[in-house]
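Beneath this line is the structure, given in structure tokens, with notes to follow.
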Number of protein chains: 2
Amino acid sequence: MMIGEVAEKSGFSVHTLRYYEKIGLLPTSHRDGGGRRSYDDDVLRWLEFLSRLKDLGMPIRDRVLYARLRTEGDSTIEARRRLLQTYRDALAKRVISLTETLDVLDAKIASYDTTGTPLKGPRK
Amino acid sequence: MMIGEVAEKSGFSVHTLRYYEKIGLLPTSHRDGGGRRSYDDDVLRWLEFLSRLKDLGMPIRDRVLYARLRTEGDSTIEARRRLLQTYRDALAKRVISLTETLDVLDAKIASYDTTGTPLKGPRK
DNA sequence: GCTTGACTTAGAGCACGCTCTAGCCCCTAG
DNA sequence: CTAGGGGCTAGAGCGTGCTCTAAGTCAAGC
């Protein structure tokens, strides 16, 4: 696969993929005869996982750290586990908080719908 | 209340509160004799709501829009409802997606814990 | 053999959302 | 009456994470 196809399938832009390689989120690519990057399917699964880490709010430097640990092999498994655990716990709290926010919004929207104004009625 | 107390109670910095006023997220403050901003308790509830909107991912320009609509009175209620509804729906999807991510992380962490390595065993 | 289009690099530029600095003023306590 | 701890303004600066540009190379089809 050339980089354009990876971009299309992963949802990351070509620019972003090269940037990710430069900062160490993607391993140094194999090159074809003409010097172009050549990928196999594994990269798509890795990018999907990276995009989850990004989406849950892990900053790029910790994604880079995780990527680096991964390349260093089995001896870093415990460190990787701890890193993921930290973000997992933060995420669990975040999901709870966002669920509360969903309720707050629903209440607000309902107050707009039913009274025509949230300021009339028994206070708010 | 002076700005320092609002900062302490709301969790936003003094700098940020002045910035929020400048861009229209907070209404123009009343001033005391010496030209200092003077707030009443309402601002804390508004800041708490703003911080929820921020937390769910509403960009600052839409928070400013919402704040502006609010100052324009009841005629903007329908517009405000639509704005909140849009972000509410996106948030609902996001909560689902983050919940999936939580499962993915738990599975990954479990694989680290039980096998000592995620690469051994029946293929990952 | 030439055009087209996807690829290459290094490095500049950008949007967002603050965050901080400089130089000033004002109020209160000792 | 002075020191200290707020507060004030305008505007510069910054961290994050891309995003884009310029100038060039390469491979395949007509």
- Message: Can you identify which nucleotide, out of D:dT21, D:dC18, C:dC18, has its nearest atom closest to the A:Tyr19 side chain?
- Response: D:dC18
- Query: Between D:dT16, D:dG7, C:dC18, which one does the side chain of A:Arg61 approach most closely?
  - Reply: D:dT16
- Starting at atom CZ of A:Arg18, determine the distance to atom C1' of C:dT9, rounded to an integer number of angstrom. 9 Å
- Please report, rounded to the nearest Å, how far the C1' atom of D:dA10 is from the CD1 atom of B:Ile23. 16 Å
- Item | Check: B:Ser10/B:Glu48 side-chain N/O donor and acceptor closer than 3.5 Å | no
- Distance in angstrom units between B:His15 NE2 and D:dG7 P, rounded: 11 Å
- Message: Distance to the ring centre below 6.0 angstrom and angle to the axis at most 45 degrees; does that hold for B:Lys108 and A:Phe49?
- Response: yes
- Query: Taking only side-chain nitrogens and oxygens of B:Lys54, does any of them come within less than 4.0 Å of OP1 or OP2 of C:dC18?
  - Reply: yes
- The single option from A:Leu25, A:Leu50, A:Leu84 that satisfies side chain to side chain contact (heavy atoms under 4.5 Å, CB included) with A:Tyr66 is A:Leu84
- Item | 5'-most by nearest nucleotide on DNA chain C - B:Ser13 or A:Gly34 | A:Gly34
- Message: If the cut-off is 4.0 Å, is B:Tyr20 near the phosphate of C:dC18, judged by side-chain N/O to OP1 or OP2?
- Response: yes
- Task: Can you tell me the distance, in whole Å, between the CG atom of B:Asp32 and the P atom of C:dC25?
- Result: 17 Å
- Query: Within this structure, what is the CG-to-C1' distance between A:Asp62 and D:dT16, rounded to whole angstrom?
  - Reply: 13 Å
- Query: Any donor and acceptor pair, going by atom type alone, linking the side chain of B:Thr76 with main-chain N or O of B:Leu69 inside 3.5 Å?
  - Reply: yes
- Query: Can you check the A:Lys22 NZ to D:dC20 P distance for me, whole Å?
  - Reply: 15 Å
- Query: Hey, is the side chain of B:Arg31 poking within less than 4.0 Å of OP1 or OP2 on C:dC26, counting only N and O atoms?
  - Reply: no
- Item | Between C:dC7 (P) and A:Glu8 (CD): distance, integer Å | 10 Å
- Item | Geometric cation-pi criterion, A:Lys9 with A:Tyr39: 6.0 Å, 45° | no
- Query: What's the CG-P distance between A:Leu25 and D:dT16, to the nearest Å?
  - Reply: 14 Å
- Task: May I ask you to verify if any side-chain N or O of A:Arg36 is less than 4.0 angstrom from the OP1 or OP2 atom of D:dA28?
- Result: no
- Task: Output yes when at least one side-chain N/O atom of B:Arg37 is less than 4.0 Å from OP1 or OP2 of D:dG7, else no.
- Result: no
- Nearest to the side chain of A:Ile60 - D:dG17, C:dT19, D:dT19? D:dG17
- Task: Could you check which of C:dC18, D:dG11, D:dC8 has an atom nearest any side-chain atom of B:Ile3?
- Result: D:dC8
